[in-house]
2 protein chains.
Amino acid sequence: MMSTAQRKSPRGSAPTLPTAERHAEAFEHIRSAHQTETAEDYVEMIADLIDAHGEARLVDIAGRFGVSHPTAKKIIDRLQREGLVTSRPYRSIFLTDKGRSLAEYCKRRHQVVLAFLKALGVSDRNAEIDAEGIEHHVSKETLEAFAAFVTRESGSGQS
Amino acid sequence: MMSTAQRKSPRGSAPTLPTAERHAEAFEHIRSAHQTETAEDYVEMIADLIDAHGEARLVDIAGRFGVSHPTAKKIIDRLQREGLVTSRPYRSIFLTDKGRSLAEYCKRRHQVVLAFLKALGVSDRNAEIDAEGIEHHVSKETLEAFAAFVTRESGSGQS
DNA sequence: TGTCAAGTGTAGCAACGGCTACATTCATTG
DNA sequence: CAATGAATGTAGCCGTTGCTACACTTGACA
Ligand SMILES: [Mn+2]
Ligand SMILES: [Mn+2]
Ligand SMILES: [Mn+2]
Ligand SMILES: [Mn+2]
């Protein structure tokens with residue numbers, strides 16, 4: 001109860017505008033997105049691996065992300081603590097129901113963002129790279145706008 | 001020199017597809033973006049503050065980001081190590097030439113992304129929040145596609 | 001059936017970005 | 001000019017995500 005009130009600023013520092021709160025809100029979103037995006041990418045990747053060859057091994061997960069296996073291990077351990085995956089020593093990794101449904105949501109979102117960038121005219125290569133980052137910073141409203149654009153373009157589009 | 005070659009997989013683990021490298025490349029981009037995005041947001045914010053009231057004080061920077069002042073301090077120290085800002089004890093923070101030019105680039109990029117989301121029909125509030133995250137994950141090609149879309153829409157647009 | 005390399009586990013290090021608690025400096029103002 | 005509170009500095013904690021080095025399991029196959 002002093003953040004919105006104008007500080008008297010005995011020092012030179014300018015009064016804290018409401019600007020500050022508006023900005024701070026956006027950065028809170030960013031920080032929260034960063035906390036969840038690793039989990040999102042991992043469950044999506046695990047689902048892909050299970051889809052592709054029936055199981056998700058630690059070494060393959062690490063390989064896909066381009067990190068060392070201890071790094072992947074620590075993240076898998078955290079996902080297990082959070083109830084997204086199960087894993088037993090020296091066995092492959094499985095998704096819980098919660099993990100699977102998160103993976104499905106992320107996969108759809110990923111595909112919308114990717115299709116959107118391609119529909120905008122971005123090359124496949126850059127679209128793939130950018131989608132991997134953008135997907136985690138897209139609100140429901142923006143995602144719907146992306147989806148609508150894809151539909152519109154491919155509906156009235158070329159060919 | 002064994003990553004692209006098909007592993008013989010003495011265990012059950014499936015062969016490492018070229019898929020792995022394609023994906024790993026995208027995630028390398030993400031990790032590198034994460035390393036630079038804090039610096040980008042901070043120099044942009046410092047430039048804004050100097051623009052708005054002539055100087056950038058630590059307390060105002062922390063307030064805009066919604067973090068504690070020791071957190072902001074550590075980041076400012078890192079930016080100084082990296083040659084993006086200068087700061088002396090109990091004084092306000094200044095940008096180096098390098099910092100200023102990074103700030104200008106980031107500001108332009110931020111504005112393009114924001115204008116793009118608004119042009120797509122996203123509400124101001126969500127556009128501001130999403131732009132703050134998306135800006136760091138946009139390739140040159142995608143940024144140009146965004147800019148072209150804004151021009152196109154506002155050229156043939158409503159009003 | 002044993003061997004042995006691949007896969008997995010674990011220990012320990014670092015940087016980053018959060019925080020709280022407390023010490024210090026500085027400038028307004030009484 | 002002294003007091004006082006705001007601003008800044010510092011110490012130390014945490015969790016996350018990187019890494020290397022080394023130990024242990026496992027399963028394919030000789
Ligand atoms: Mn991603
Ligand atoms: Mn993804
Ligand atoms: Mn940003
Ligand atoms: Mn920005």
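Letters A, B, ... mirror the listed sequences (proteins, then strands); counts begin at 1.
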message: Between A:Glu141 (side chain only) and B:Ser123 (backbone N and O only), is there a donor and an acceptor less than 3.5 Å apart?
response: yes
task: Return the value, rounded to whole Å, for the distance between atom CD of B:Glu55 and atom P of D:dA7.
output: 11 Å
- prompt: For A:His34 and C:dG17, what is the distance between atoms NE2 and P respectively, to the nearest whole Å?
  reply: 10 Å
query: Between A:Arg100 and A:Glu104, is there a salt bridge with N-O shorter than 4.0 Å?
result: no
message: Is it the case that the side chain of A:Lys98 and the backbone of A:Val85 share a donor-acceptor pair, with hydrogens and angles ignored and the cut-off at 3.5 Å?
response: no
message: Does A:Arg125, at its CZ atom, have more than 12 non-hydrogen atoms belonging to other residues, nucleotides or ligands within less than 6.0 Å?
response: no
statement: Separation of C:dG17 atom P from A:Ile30 atom CD1, nearest Å, is 14 Å
- request: Please report, rounded to the nearest Å, how far the P atom of C:dG17 is from the CE atom of B:Met45.
  value: 15 Å
- request: Please test A:His23 against A:Glu28 for side chain to side chain donor-acceptor pair (under 3.5 Å), starting from the C-alpha separation and ending with a verdict.
  value: CA-CA 9 Å; A:His23 284 219; A:Glu28 277 164 33; over 6 Å; no
query: In whole Å, what is the span from the CZ atom of B:Arg31 to the P atom of C:dA15?
result: 18 Å
Close approaches to DNA chain C from residues 67-85 of chain B, in residue order (heavy atom, under 4.0 Å): B:Val67, B:Ser68, B:Pro70, B:Thr71, B:Lys74, B:Ile75, B:Arg78, B:Arg81
query: For the pair made of CZ in B:Arg88 and P in D:dT8, what is the distance, rounded to whole Å?
result: 13 Å
message: Both A:Leu58 and B:Gly66 contact DNA chain C. Which one's nearest nucleotide lies toward the 5' end?
response: A:Leu58
- line: For B:Val67 and B:Ala72 the tightest heavy-atom approach is CG2-N, 4.2 Å
field: Any B:Thr38 side-chain nitrogen or oxygen under 4.0 Å from OP1 or OP2 of C:dG17
entry: yes
- prompt: Quick one: is C:dT8 close enough that its OP1 or OP2 comes under 4.0 Å of any side-chain N or O from A:Arg91?
  reply: no
query: In this structure, are over 12 heavy atoms from other groups packed under 6.0 Å from B:Gln35 atom CD?
result: no
task: Whole angstrom is fine here: how far is it from CG in B:Asp60 over to P in D:dA6?
output: 14 Å
- prompt: B:Glu28 CD to D:dT17 P: how many Å, rounded?
  reply: 17 Å
